[in-house]
Amino acid sequence: MLREDPAAYARDLFATTVRHPTGRIRIPAVCPVQYDVVVLHHLADRTIDRISETTGRHSENIRHILRTWTP
């Protein structure tokens with residue numbers, strides 16, 4: 001079975017395998033993808049397009065995640 005977006009699959013696999021609860025910045029997030037998007041956008045000052053490339057998610061999804069995030 002081929003994945004629709006290999007970059008998103010690879011990012012999810014990496015995030016679930018490598019993520020450790022220690023050393024994380026205390027940012028409220030409902031899922032790991034939201035945490036990554038918020039950190040990349042607000043702390044690393046990355047553009048929506050760059051976050052989209054990094055996470056393998058569509059830019060519309062990134063915008064939605066940032067719009068619905070509650071600090």
Side-chain angles (χ1 to χ4, degrees):
M1 173 191 224
L2 294 175
R3 301 273 178 189
E4 185 175 317
D5 189 343
Y9 174 70
R11 178 74 180 152
D12 290 342
L13 186 61
F14 174 78
T16 57
T17 304
V18 177
R19 187 175 307 276
H20 298 287
T22 59
R24 290 184 62 186
I25 301 168
R26 301 196 75 163
I27 293 177
V30 296
C31 66
V33 173
Q34 186 180 46
Y35 178 86
D36 292 343
V37 168
V38 169
V39 167
L40 288 169
H41 186 69
H42 291 289
L43 298 179
D45 200 31
R46 299 293 179 241
T47 64
I48 289 174
D49 290 333
R50 186 68 177 140
I51 296 169
S52 177
E53 292 172 8
T54 302
T55 61
R57 303 291 194 286
H58 293 286
S59 57
E60 296 82 23
N61 293 1
I62 302 301
R63 284 186 189 88
H64 173 74
I65 290 170
L66 290 170
R67 260 194 318 271
T68 58
W69 176 66
T70 307

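Starting from 1, each residue takes its place in the sequence as its number. None of the values given here were measured: they were computed from a predicted structure.
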Hey, does [Y] have a side-chain heavy atom less than 4.5 Å from the side chain of [X]?
X: Asp36; Y: Thr54; value: no
X: His42; Y: Leu66; value: yes
X: Tyr35; Y: Val30; value: no

Atom pair [atom1]/[atom2] of [X] and [Y] - distance to nearest 0.5 Å:
X: Ile51; Y: Arg46; atom1: CD1; atom2: CZ; answer: 9.0 Å
X: Arg67; Y: Glu60; atom1: CZ; atom2: CD; answer: 9.5 Å
X: Arg50; Y: Asp45; atom1: CZ; atom2: CG; answer: 13.0 Å
X: Asn61; Y: Ser52; atom1: CG; atom2: OG; answer: 8.0 Å
X: Ser59; Y: Glu53; atom1: OG; atom2: CD; answer: 10.0 Å

Check whether any side-chain N or O of Arg57 sits under 3.5 Å from a backbone N or O of Thr55 as a donor-acceptor pair, and report yes or no.
-> yes
Under the side-chain contact (heavy atoms from CB on, under 4.5 Å) criterion, do Trp69 and Val37 qualify, and how do the steps go?
-> CA-CA 10 Å; Trp69 176 66; Val37 168; over 6 Å; no
With His64, which residues qualify under ring pair (Phe, Tyr, Trp, His ring centres under 6.0 Å), at least two apart?
-> none
